[in-house]
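First up is the structure itself, then whatever we jot down about it.
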Amino acid sequence: MKKQTIIQMYYFTMFSNIFSLICAIIAGVLLVVYSNEFIKSVGVFWGFVLISIVIIAIAIFIVMSYKKIFVLLKDREDLKDKKYISITAKVVGFKKNKDVESGVQINNNPIVTSLETNEKIMLIINDNLLIDEICEFHYLKNSKIAEISKRI
């Protein structure tokens, strides 16, 4: 796997969240526009129940995407000026360690402990890491998007 930089991960995350937000808004608009036909096809009671559930799900999805975009925007200036937080840390675990369906080891989002402050931080990184590995990380303050600058 090719190492990705903080800049690449930042723009990929931003693009995917904006795309998801736009898709959710379009789905909500289409649901409202075609709600009469849907209600006629499944019945008034079930139509209202299903439309209500979908509208609530879309609203939750829109709020979650907006919150993630807002966090990413807070890191925009630091990214532009390359003002990253640097720490030397030890990998102590992962947010998600195995894929439930296949059982494949995926080591997703490492949880690291800073060697200087003993603080635990969950980073978003696209690199192969192992538990007990010590690395120097650069990351953005708010979004926690990171890269490995040096393996120790």
Side-chain angles (χ1 to χ4, degrees), residues 1-87 89 91-114 119-131 133 135 137-149:
M1 175 176 19
K2 186 177 182 237
K3 180 181 167 185
Q4 290 186 329
T5 65
I6 290 176
I7 295 170
Q8 291 170 328
M9 287 287 292
Y10 177 87
Y11 285 117
F12 174 76
T13 306
M14 180 66 84
F15 173 78
S16 61
N17 278 285
I18 290 172
F19 181 75
S20 298
L21 181 65
I22 291 169
C23 288
I25 291 170
I26 290 171
V29 168
L30 288 174
L31 182 67
V32 169
V33 169
Y34 293 108
S35 61
N36 286 338
E37 288 84 7
F38 182 72
I39 290 172
K40 288 177 186 174
S41 67
V42 296
V44 174
F45 176 74
W46 287 111
F48 280 121
V49 169
L50 292 174
I51 287 175
S52 299
I53 291 170
V54 171
I55 286 176
I56 290 170
I58 288 173
I60 291 170
F61 191 76
I62 287 172
V63 169
M64 288 173 52
S65 293
Y66 178 75
K67 284 175 61 175
K68 184 68 176 177
I69 291 169
F70 185 72
V71 168
L72 288 166
L73 287 174
K74 287 175 27 179
D75 282 335
R76 187 170 164 255
E77 287 299 317
D78 290 341
L79 181 75
K80 189 172 84 172
D81 298 336
K82 295 189 178 189
K83 292 183 182 175
Y84 308 135
I85 297 173
S86 295
I87 61 167
V91 178
V92 294
F94 298 95
K95 179 180 176 187
K96 183 176 180 183
N97 204 297
K98 289 189 184 270
D99 185 12
V100 177
E101 293 176 5
S102 66
V104 174
Q105 187 85 9
I106 56 172
N107 295 352
N108 190 13
N109 297 353
I111 299 168
V112 300
T113 300
S114 171
E119 175 187 8
K120 285 189 177 184
I121 305 166
M122 187 189 69
L123 301 174
I124 299 170
I125 191 167
N126 191 17
D127 208 336
N128 292 327
L129 290 168
L130 299 171
I131 291 181
E133 190 170 2
C135 300
F137 296 94
H138 295 301
Y139 70 93
L140 294 170
K141 181 172 88 173
N142 298 301
S143 62
K144 306 293 190 240
I145 294 174
E147 68 182 2
I148 298 173
S149 61

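All values reported here derive from a predicted model rather than from experimental measurement.
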Inset, instruction - Assess whether side chain to side chain contact (heavy atoms under 4.5 Å, CB included) is satisfied between Leu79 and Tyr84, documenting all intermediate values. - result: CA-CA 7 Å; Leu79 181 75; Tyr84 308 135; 4.0 Å; yes

Inset, instruction - Say whether, by atom type as modelled, one donor and one acceptor occur between the side chain of Asp75 and the main chain of Asn142 under 3.5 angstrom. - result: yes

Inset, instruction - In sequence, state the C-alpha distance, the side-chain angles, and the governing distance for Leu129 and Phe137, and then conclude on side chain to side chain contact (heavy atoms under 4.5 Å, CB included). - result: CA-CA 12 Å; Leu129 290 168; Phe137 296 94; 4.1 Å; yes

Inset, instruction - Kindly indicate whether the side chain of Val91, heavy atoms from C-beta on, has any atom under 4.5 Å from the side chain of Leu130. - result: no

Inset, instruction - Take Lys40 and Glu37 through the salt bridge (charged side-chain N to carboxylate O under 4.0 Å, His left out) test and state the conclusion after the steps. - result: CA-CA 5 Å; Lys40 288 177 186 174; Glu37 288 84 7; over 6 Å; no

Inset, instruction - Measure the SG-CD1 distance between Cys23 and Ile18 for me, rounded to the nearest 0.5 Å. - result: 12.0 Å

Legend entry - Interatomic distance, Met9 atom CE to Ile125 atom CD1 [nearest 0.5 angstrom]: 8.0 Å

Legend entry - Heavy-atom closest contact (Tyr10 atom, Leu140 atom, distance): CD1-CD1, 3.9 Å

Inset, instruction - Starting from the C-alpha separation in whole Å, work towards a yes-or-no answer on side chain to side chain contact (heavy atoms under 4.5 Å, CB included) for Ile51 and Leu31. - result: CA-CA 8 Å; Ile51 287 175; Leu31 182 67; 4.2 Å; yes

Legend entry - Residue pair Ile124 / Asn109: nearest heavy atoms and the distance that separates them: CA-OD1, 4.0 Å

Legend entry - Heavy-atom side-chain proximity of Leu21 to Asn17 below 4.5 angstrom: no

Inset, instruction - Indicate yes or no for a side-chain donor-acceptor contact from Glu147 to the backbone of Ile6 under 3.5 Å, with no hydrogens or angles considered. - result: yes

Inset, instruction - Please round to the nearest 0.5 Å and tell me the distance separating atom CZ of Phe12 and atom CG of Asn126. - result: 9.0 Å

Legend entry - Backbone of Ile62 reached by a side-chain donor or acceptor of Ser65 within 3.5 Å: no

Legend entry - Full working for side chain to side chain contact (heavy atoms under 4.5 Å, CB included) between Val112 and Ile87: CA-CA 10 Å; Val112 300; Ile87 61 167; 4.2 Å; yes

Legend entry - CE/Met64: more than 12 non-hydrogen atoms of other groups inside 6.0 Å: no

Legend entry - Identified side chain to side chain contact (heavy atoms under 4.5 Å, CB included) counterpart of Ser143 within the set Val71, Leu123, Thr13: Val71

Inset, instruction - Search all heavy atoms of Lys144 against all heavy atoms of Met122 and return the closest pair with its distance. - result: CB-O, 3.5 Å

Inset, instruction - Calculate, to the nearest 0.5 Å, the distance between atoms OH and CD1 belonging to Tyr139 and Ile121 respectively. - result: 3.5 Å

Inset, instruction - Hey, could you give me the CD1/OH distance between Ile25 and Tyr66, rounded to the nearest 0.5 Å? - result: 11.5 Å

Legend entry - Distance in Å, Tyr11 OH paired with Leu72 CG, rounded so as to fall on 0.5 Å steps: 11.0 Å

Legend entry - Heavy-atom closest pair, residues Phe61 and Ala24: CD2-CB, 3.6 Å

